[in-house]
Amino acid sequence: MAHVFQIDPNTKKNWVPTSKHAVTVSYFYDSTRNVYRIISLDGSKAIINSTITPNMTFTKTSQKFGQWADSRANTVYGLGFSSEHHLSKFAEKFQEFKEAARLAKEKSQEKMELTSTPSQESAGGDLQSPLTPESINGTDDERTPDVTQNSEPRAEPTQNALPFSHSSAISKHWEAELATLKGNNAKLTAALLESTANVKQWKQQLAAYQEEAERLHKRVTELECVSSQANAVHTHKSELNQTIQELEETLKEKEEEIERLKQEIDNARELQEQRDSLTQKLQEVEIRNKDLEGQLSDLEQRLEKSQNEQEAFRNNLKTLLEILDGKIFELTELRDNLAKLLECS
């Protein structure tokens, strides 16, 4: 899939997009003309119909864009890909089909040389090569009348070759006929003289055949491109289905993760509530502790005051005891003195 562009025929600089969206670009082998083509359809419209030649070159102008020049269409095509990998893959295929086109051209030239050699030998050595590409394609209008004016036998296979130039089976028949004509020049001359009157009619039939073949070829090309696009759509649909399945699995995983996160959030809320409750209880305990500390401080002060009072009481009591001891000692002395006085009296 790529976006298709063509060079602006007026400026020869700017690119003009020929497709509104990415389309399928396919390689196609034209067995009728023995050539390779690059085909792309946008709906039912052919936006690329380029014949690959050995002289073509596909150039990468950026990481995702490449171009090639088509001298037959007198334009330059450009393709914009979605990735560098797709561009490299297309460039590799272009090189492969370019090499295949070169080999096909060489084989065609070898075949032309092989088929033209027997005709030259049968003409007695005085003929120019009658099997030029123009005569095979029915564009040599002047050589056939020369046969009727020349009394020498000439191996002119144009009249027999024209109707059958586009069929490989008839080509084999034509080669067999040329081999037969090599051994019988007189018979060939007679056949050519008889066919001269029908040359114009045969050429008209050939033109009609060529037009019909071209129309059928275009139709086959369109159908093959549509089939290729259908396969691409089917592949794209499979990829989309796989992507949807992967997305559904991912969505399911995300939903499970969301449920797990919800549970974690609920657990976090419960922990927060417990934390708030513990914080409140801790504040209450701290307030109560402050009250107890105040009460303890008051009790300590009262205890200290009581201890001080007790100490003062003890000191007073000690003083009283000392005084009492003195008084008792004095009374004892007084008693002893009285006792002595009594004894003396």
Side-chain angles (χ1 to χ4, degrees), residues 1-3 20-22 60-66 80-92 232-345:
M1 301 291 286
H3 292 273
K20 296 181 180 179
H21 51 80
K60 297 180 182 179
T61 58
S62 68
Q63 293 183 349
K64 298 181 181 181
F65 193 87
F81 294 89
S82 59
S83 65
E84 185 177 1
H85 172 70
H86 292 158
L87 174 61
S88 300
K89 189 175 181 180
F90 183 87
E92 292 174 359
V233 169
H234 180 70
T235 303
H236 186 58
K237 182 180 178 181
S238 300
E239 294 176 354
L240 287 177
N241 290 333
Q242 185 177 359
T243 304
I244 290 172
Q245 186 175 0
E246 293 176 355
L247 290 175
E248 288 179 349
E249 292 177 356
T250 304
L251 180 61
K252 186 177 179 180
E253 293 176 356
K254 294 296 182 183
E255 289 178 350
E256 293 177 354
E257 185 176 359
I258 289 172
E259 291 295 331
R260 182 176 59 80
L261 291 174
K262 285 182 178 179
Q263 292 179 357
E264 291 180 357
I265 291 172
D266 293 337
N267 295 333
R269 287 178 179 174
E270 292 178 358
L271 292 175
Q272 183 67 26
E273 291 176 357
Q274 292 178 3
R275 177 177 173 275
D276 294 339
S277 177
L278 291 174
T279 302
Q280 185 177 1
K281 289 181 179 180
L282 180 61
Q283 291 176 352
E284 293 176 354
V285 169
E286 288 177 351
I287 294 171
R288 186 177 178 183
N289 189 22
K290 288 181 180 180
D291 293 340
L292 291 174
E293 287 178 353
Q295 294 177 4
L296 179 62
S297 177
D298 186 37
L299 289 174
E300 288 177 351
Q301 291 176 0
R302 292 171 63 183
L303 177 63
E304 184 178 359
K305 184 178 179 181
S306 176
Q307 288 178 352
N308 293 331
E309 290 177 351
Q310 287 180 1
E311 185 68 23
F313 178 75
R314 285 177 182 175
N315 291 330
N316 293 329
L317 184 60
K318 185 176 181 180
T319 302
L320 290 174
L321 288 174
E322 289 177 353
I323 294 171
L324 183 60
D325 288 338
K327 295 297 182 180
I328 292 172
F329 181 73
E330 290 176 356
L331 289 174
T332 302
E333 287 181 352
L334 179 61
R335 185 181 65 80
D336 290 338
N337 290 328
L338 290 175
K340 287 178 179 181
L341 288 175
L342 290 173
E343 288 179 357
C344 289
S345 62

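Ion pairing of E264 with R260 is present here, as a side-chain N (NZ or NE/NH1/NH2) and a carboxylate O approach within less than 4.0 Å.
Residue D325 holds its CG atom at 11.5 Å from NZ of K318, rounded to the nearest 0.5 Å. Separation of atoms CD1 (I244) and NZ (K237) is listed at 10.0 Å; rounding is to 0.5 Å. With values rounded to the nearest 0.5 angstrom, L299 atom CG is found 11.5 Å from S306 atom OG. Atom CD in E273 sits 9.5 Å away from atom CG in L271 (nearest 0.5 Å). Between atom CG of residue N308 and atom CG of residue L303 there is a gap of 9.5 Å, rounded to the nearest 0.5 Å. Within the model, atoms CD of E256 and CG of L251 stand 10.0 Å from one another, a figure rounded to the nearest 0.5 Å.
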Next on the checklist: With side chain to side chain contact (heavy atoms under 4.5 Å, CB included) as the criterion, how do I265 and R269 come out once you've worked through the C-alpha distance, each side chain's angles and the decisive distance to 0.1 Å?
Outcome noted: CA-CA 6 Å; I265 291 172; R269 287 178 179 174; 3.7 Å; yes
Checklist entry - Taking it one step at a time, do H86 and K89 satisfy side chain to side chain contact (heavy atoms under 4.5 Å, CB included)? => result CA-CA 5 Å; H86 292 158; K89 189 175 181 180; 5.6 Å; no
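By the side chain to side chain donor-acceptor pair (under 3.5 Å) test, K60 pairs with S88, sequence neighbours left out. Residues meeting the ring-ring contact (aromatic ring centres under 6.0 Å, His included) test with F81, sequence neighbours left out: F90.
Minimum interatomic distance between E84 and K64 (heavy atoms only, all atoms of both residues): N-CG, 4.2 Å.
Residues in residues 275-301 take part in these side chain to side chain donor-acceptor pair (under 3.5 Å) pairs, two or more places apart or across chains: Q272-D276.
Under the 4.5 Å side-chain criterion, counting only non-hydrogen atoms from C-beta, L334 is not in contact with E330. E311 is not listed as a side-chain neighbour of Q307, based on a closest heavy-atom distance of 4.5 Å or more. Here the side chains of Q245 and E249 are in contact, with some heavy-atom distance below 4.5 Å.
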